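The block underneath contains the structure these notes are about, expressed in structure tokens.
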Amino acid sequence: MSEPLLSVEQLRVSFETDDGIVHAVDGVSYQVEIGKTLGIVGESGSGKSVSSLTTLGLTRGPRTRIDGRMVFGGRDLVALPDAELRRVRGNEIAMIFQDPLSSLHPFYRVGWQLIEAVLAHRKVSKSAARARAIELLELVGIPDPQRRVDQYPHEFSGGMRQRAMIAMALVNEPQLLIADEPTTALDVTVQAQILALLNDLQKRLGMAIIIITHDLGVVAEIADEIAVMYAGRIVEYATTQEIFSSPQHPYTWGLLRSIPRLDIPRGEELVPIAGRPPSLINRPSGCYFHPRCPYVQDEHRRIDPQREPLADAPGHTVACLLAPEVRTRIWRGLASGQTPAELRHLASAGSAGSPLSTTSAAGTSQRDRLANSGE
Amino acid sequence: MGRYIIRRILWGIVLLILVSALTFILFYVFPAGNPAILRAGRNANQQDIAYITKELGLNKPIYTQFFDYMKNIFLHFDFGFSYYSQEPVLSLITNRLPATLSLTIGAVVLWVIAGIPVGIISAIKRGTFFDRAAMGIALTFVSMPVFWLALIVLYLFASDIGRFPILPGANAYVGLTVNPLKWFESLILPWIVLAATQAAIYSRLLRGNLLEVMGEDYIRTARAKGLPERRVIWRHGVRSAITPVVTVLGLDIGALLGGAVLTETVFSIHGIGLLNYNAILESDFPIVQGTVLLAAMFIIVANIVVDIGYAYLDPRVHYS
């Protein structure tokens, strides 16, 4: 395997607030390969945006604590001084955001904002920067870029604004593009166009993409690998194919069942995940997902699961205390249309059976930890 | 845009007529005294008073008086004569205007120079000693009544009565054309007094605006582009945060040009404010009417200028 473009190791980000310390990102590790796409999926408050903003140093502040490493091109971005990190931002790593209207400055022409991005990193003439801006607007499919370059953001439609944001991000040919909910604020038809555009630009320019979303449907089309985040942690990490064919974590199941699908009869289409994301100040004990998990067992309230590889697919890791064969049976049941309530007994059966007979690496080590902790 | 301006000006004229009518009614319903008796002096007899009443047109019905007044303004640009000095109101006002202009412009320059940088630095260095100290001082100045601050300043620094007599105090104003140096010296204390409160208000306003703007998504975008922080603050943050301040500034200038009554009174600067104040005391109605109209006109013009200026500052604003 080649050297990854970005390697995040045990990243922790916490914010000191008046209510207490918010543990927004809690020991997250992932890698992004050159030219590949990683999808980070989770609800709001799962830490998915914070981990990416941290890549660019945009979460730095007097009340922020950042630990861990983010190695990009041989440098640790966490340790990089502000001035050096600034040269990475918008140059080697660029970012686009959720709401393109509020993300563009309302008082400046779109072209001016693109030119500014060029001049922030390149010593070129203003006219060369302008030519580059027009070239990029054309590349992202904005018609009549010669005229559009002199318009203000409010004169653009939503989809065009996001295209302009993408143009601005790509103007310095970054190796990594971070797209934070790039389609959430857009109409469904425009969403598909923007995703297709990102896919196409990636093929042409060869950059890696991290796409952050709450919608597994979005990453299905574009991501090579998917990290599912919950309460500041990655709870499942696998190739896109694996996530959709054999998802392992009850939270991932919940996300999958909440995607609108055409092949499921009306009325059972959308199944929301019960409950709310947990407080990141006072996090639940044991498995962070246990208060919302339909398959929760007593010990899950005490044991904090670690992400461990599956025996038959080492690239697929999951942080779940259920035994692998139990998970497989539950997912089969869910996929065939059964409800969590009907399948709940599988979880307790697996647990009550013979706990130590579980042979997977994950099951054994979690139980060992319990034994060692003296409970 | 042209249409819009014309429409605004026409509405402004309608508004001025309404303001005049209101002033007329207020003086009619709550007379400060009978101008004819005041005009006639102590030893006047009934005949004198009756004569003066007729002379001043006070025996006519109020609507006739108002109509005559409006007619003279629109046809002859004649704002009437003072009941006392018989001087034309228009020339009284034009004689007094330079003093008010001097006071206003100097104070505006001073409070902009003081208030805006303090507001910006406070926002950027939020929570630091500078921020706390500056906002504490600002709160103190906001809470001080102008007339009280003026008296304190006179007590401390006026060359005649001050504990530290370093600057000319009350009644020292001379015109710019008469003696520029003395003009400048005499206005330093009034400028400071008038600017102190405003500088405090502006610094707090700008600080609040800038703090809010720095949390906007487009500021995050500017940082994500890799711009130097200085540029993020000035070109992206301050550019947005200053816009509402410019609006308030325009309106404040308009209001002050109508006469800074308190400051002019305490410092005996013979500007529009003091003219108006004395006229009210003496029931010199034509002067009150004239100064009120002038003040209303400045405010209306300032409003129009601010609204037009806003379209230049914020490209999203369009008038048609």
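None of the values given here were measured: they were computed from a predicted structure. Below, chains carry the letters A, B, ... as their sequence lines are ordered, and counting in each starts from 1.
- For chain B, the option among Q98(A), E116(A), R109(A) with the highest count of heavy-atom pairs below 4.5 Å is E116(A).
- Interface remark: Y152(A) contributes side-chain atoms only to the contact with chain B (heavy atom separation under 4.5 Å).
- Heavy atoms from other residues, nucleotides or ligands lying under 6.0 Å from CZ of R126(B) number 12 at most.
- Within a 6.0 Å sphere centred on CZ of F184(B), heavy atoms belonging to other residues, nucleotides or ligands number 12 at most.
- Of residues 98-116 of chain B, no residue lies under 4.5 Å from chain A by any heavy-atom pair.
- For a residue to count as touching a neighbouring chain, one of its non-hydrogen atoms must lie under 4.5 Å from one of that chain's; by this rule E155(A) does not touch chain B.
- Scanning residues 160-187 of chain A against chain B with a 4.5 Å heavy-atom cutoff picks out M165(A), M168(A), ordered by number.
- When all heavy atoms of P106(A) and P315(B) are compared, the closest pair comes out as O-CG, 3.4 Å.
- Residue A117(A) touches chain B through both its backbone and its side chain, counting heavy-atom pairs closer than 4.5 Å.
- For a residue to count as touching a neighbouring chain, one of its non-hydrogen atoms must lie under 4.5 Å from one of that chain's; by this rule L53(A) touches chain B with the side chain only.
- At a heavy-atom cut-off of under 4.5 Å, chain B is reached by H121(A) from residues 121-133 of chain A, listed in order of number.
- Residue R63(A) qualifies as enclosed at atom CZ: its count of foreign heavy atoms under 6.0 Å is above 12.
- Most heavy-atom pairs under 4.5 Å with chain B: of the set G57(A), S102(A), A120(A), this distinction falls to S102(A).
- At a heavy-atom separation below 4.5 angstrom, chain A is approached by D217(B), Y218(B), R220(B), T221(B), R223(B), A224(B), K225(B), G226(B), L227(B), P228(B), R231(B), R235(B) within residues 197-235 of chain B.
- Remark: the backbone N or O of H105(A) is not paired with any side-chain donor or acceptor of H236(B) at under 3.5 angstrom.
- At a 4.5 Å heavy-atom cutoff, the contact between T243(B) and chain A is made by side-chain atoms alone.
- Only the backbone of L104(A) comes within contact range of chain B, judged by heavy atoms closer than 4.5 Å.
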